[in-house]
Amino acid sequence: MPDPAPKTQDDVRQIDSRTFVIDQEDIDTDQIIPARFLTTTTRDGLGRLAFHDWRYDGDGRPLDAVSLNSLDTAACRVLVAGRNFGCGSSREHAPWALHDFGFRAVISSEFADIFRSNSARNGLLPIVAPEAAHHWLLANPGISIRIDLASQHVDLGNGPSFDFEIEPFAKHCLMEGTDPLGFLMSHADAIDAYEADIA
Amino acid sequence: MSPETERTGEAPRSLFDKVWEAHQVRDETVETPGLLYIDLHLVHEVTSPQAFSVLDERGLGVRRPDRTLATIDHATPTLDFAPGETPPYATKAAQSQVERLQDNAKKHGITLHGWGSGHRGVVHVIGPELGATQPGMTIVCGDSHTATHGAFGGLAFGIGTTEVGHVLASQCLLQRKPKSMRVTVDGEIATGISAKDIILAIIAELGVDGGTGCVIEYAGSAIEALDMEGRMTVCNMSIEAGARAGMIAPDETTFDWLKGREHCPQGAEWDAAVAHWATLRSDPGARFDQEVMIDAASIRPMVTWGTAPDTGIAVNTPIPTPRTASQKKALAYMGLEAGKPVAGARVDQVFIGSCTNSRITDLREAAAIMSGRRVADGIRALIVPGSVAVRAQAEAEGLDRIFIEAGAEWRQPGCSMCIAMNGDRGEPGQLVVSTSNRNFEGRQGPGVRTILASPATTAAAAIAGHVIEPAELMEPAHA
């Protein structure tokens, strides 16, 4: 059966990339992808809508002054943003849009809960940096970094490199291409037993 | 009945602990999350199509269509249309999204409260209204305001679309136990202060990320004094403080509200259910990772001045001097001035509706202000009931006539201008006072500025044409 995970897992086991910095706190999912675009019935092609209302004018023309519009997304796959990234709605369209735009990791000092779990399921690493490293990353936009998932380490070169936490099962899924739905379905007997118990 | 009532002689447990433990199909380990059983899965058109597609790709069915309940609310128009006509959707995409849910519901045997149902409406309004939402349940939905249902003493939270697929296929979620917080609001609420003012005050205290990683239990005399609609308003906005879930221990108010509703048990089964539900409260000495106390008596009518929901202040209190770049940016976006109160800000539109404030008590609160008065010149007032049933109830009470005679628009139910994806929205630069839950930049349309407030404060803004304390209009217009 086709599995959405394998096509992206290689991308995130080790990421060598420049960073793109948005030094703003509390970036909500309405900024990441405005609600009026949520009438889609697929998860594809949402990258053009990422940060849409920051990138386009009222007539839909790209704003030249916005650096997201001229970003080399092949070389720049790590987004660094202010505290509490991804707050607001549960829309998984937010990580879909960021991933399709080209990002494979977001580094912040804190993530909203639902965004964090949605991201890890979609090949977008949500990495919580310690305060000092986070400040350094915000102050040094465009630097080259290496993210290594196996060792849970971010190498900042001359900067304050750091280790990060990731939920062990999310890491396992990203490393091995394991599918959480398959894992859930493998517990059908336990679910049957629970349902028999509460019936 | 669940096993949690049997246990004795163990450490005191919180309401959250009790509900959580009763739903563990498999405990979490260091390597893997646990399996949490879901009693009720609410589904709407926006966050479900990709989940059903995954089921199709893998040849999986819906495990428990009887525990799945669907409606259409986010992308649906609120304009009238004649029976037999195609609803006046804002876009073709909106129409095809609704049709996709209709197809998926039919294919999988899921009850859909769609066009023509007497219980169509905002998903977090109809669940309780049908009595599908009950104490002690685990309830999820692909919507961050699912916490609303925690008002009945269940654990209810929003999930992403991948997880919607997981629940459809397995009726379970992979979860690790979140942390816990108790917010105690003690004291007497002043006259004219509503649940919306309480939750805006709580969020202002906690901050937009104060509840991140937590399930909040709301407790205290001011919470216990709220009716069920007010408790739903409080739990609804838990996510605006970063908490995925908010819950309130069920009591007589809860049981009275639920009794006789369509999905609730009856007769001896009802009595047994109530006996169990009455055990669902935090034991004395239950531990919480964090405790926050709020003085109810200090809460005034609240409005937000910024572009995050934790910027609530009393209507007549001066806006604080911005401390961070984000706050400066927010104040500039809102066109408001530090050192001056929000009171007096000129308003272009008001919106009364959303899963936060579209229930019958909310409409009564707004109607009490608007009765016998006129919406100020040049202001558009949109009033959108939460469900077909709420709309019918309001019409039976004559509230629709009050709104229409005041010059407001009385619409069909839906999410409408809260999320502004159905065509209902503000124009760039407009200032909207709204009973909804989010004041993010562009939330109600590109460039639109949003002030969050209670139904009374929102209705008062419509009449005055600017933000004022609703108390100034609380005397009847023609006594």
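Order of the sequence lines sets the chain letters (A, B, ...), proteins ahead of strands, with each chain counted from 1.
Of the listed residues (B:G445, B:C141, B:A169, B:P178), the greatest number of heavy-atom pairs within a distance under 4.5 Å of chain A belongs to B:A169. Between chain A and the residues B:L35, B:T29, B:T146, the largest count of heavy-atom pairs under 4.5 Å involves B:L35. Chain A forms more heavy-atom pairs under 4.5 Å with one residue of B:A308, B:G242, B:G442, B:G213 than with any other, namely B:G213. For the set B:E45, B:H74, B:R64, the count of heavy-atom pairs under 4.5 angstrom toward chain A peaks at B:R64. Heavy-atom pairs under 4.5 Å with chain B peak, among A:A188, A:P95, A:P168, at A:P168. Of the residues considered (A:N118, A:I114, A:D53), A:I114 shows the highest number of contacts with chain B, using heavy-atom pairs under 4.5 Å. The residue among B:Q95, B:R244, B:R425 with the most heavy atom pairs within less than 4.5 Å of chain A is B:R244.
Contacts between A:H52 and chain B at a heavy-atom distance below 4.5 Å are absent for every atom of the residue. If you measure heavy-atom distances from B:A420 to chain A, the contacts under 4.5 Å come from the backbone alone. Using a 4.5 Å cut-off between heavy atoms, B:E31 contacts chain A through its backbone alone, with no side-chain atom that close. For B:I419, the parts lying near chain A are the backbone and the side chain together; criterion is any non-hydrogen pair under 4.5 Å. For A:R116, no part lies under 4.5 angstrom from a heavy atom of chain B.
Between the side chains of A:Q24 and B:S326, no donor-acceptor pair is found at a separation under 3.5 Å. Remark: the B:Y37 side chain and the A:E195 side chain contain an N/O donor-acceptor pair separated by less than 3.5 Å.
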* To do: Decide salt bridge (charged side-chain N to carboxylate O under 4.0 Å, His left out) for B:R58 and A:D179; before the verdict, give the C-alpha distance in whole Å, the side-chain angles of both, and the deciding distance to 0.1 Å.
  => CA-CA 12 Å; B:R58 303 195 181 201; A:D179 160 41; 2.3 Å; yes

* To do: Evaluate the criterion salt bridge (charged side-chain N to carboxylate O under 4.0 Å, His left out) for residue pair B:R438 and A:D30; output intermediate values, then yes/no.
  => CA-CA 10 Å; B:R438 290 189 174 133; A:D30 277 278; 5.2 Å; no

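Taking the side-chain hydrogen bond (donor to acceptor under 3.5 Å, both in side chains) definition, one finds that B:Q171 meets it with nothing, sequence neighbours left out. Qualifying salt bridge (charged side-chain N to carboxylate O under 4.0 Å, His left out) partners for A:D192, counting only residues two or more places apart in sequence or in other chains: B:R63.
Between A:L181 and B:L60 the shortest side-chain heavy-atom distance falls below 4.5 Å.
Scanning residues 31-41 of chain A against chain B with a 4.5 Å non-hydrogen threshold yields A:Q31, A:A35, A:R36, A:L38, A:T39, A:T40, A:T41, sorted by number.
The heavy-atom pair separating A:M185 from B:S170 by the smallest distance is SD-CB, 4.0 Å.
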For residues 72-80 of chain A, dump all side-chain donor-acceptor pairs below 3.5 Å to protein atoms at least two apart in sequence or in another chain.
unit_1, atom_1, unit_2, atom_2, d
A:D72, OD1, A:A74, N, 3.2
A:D72, OD1, A:A75, N, 3.4

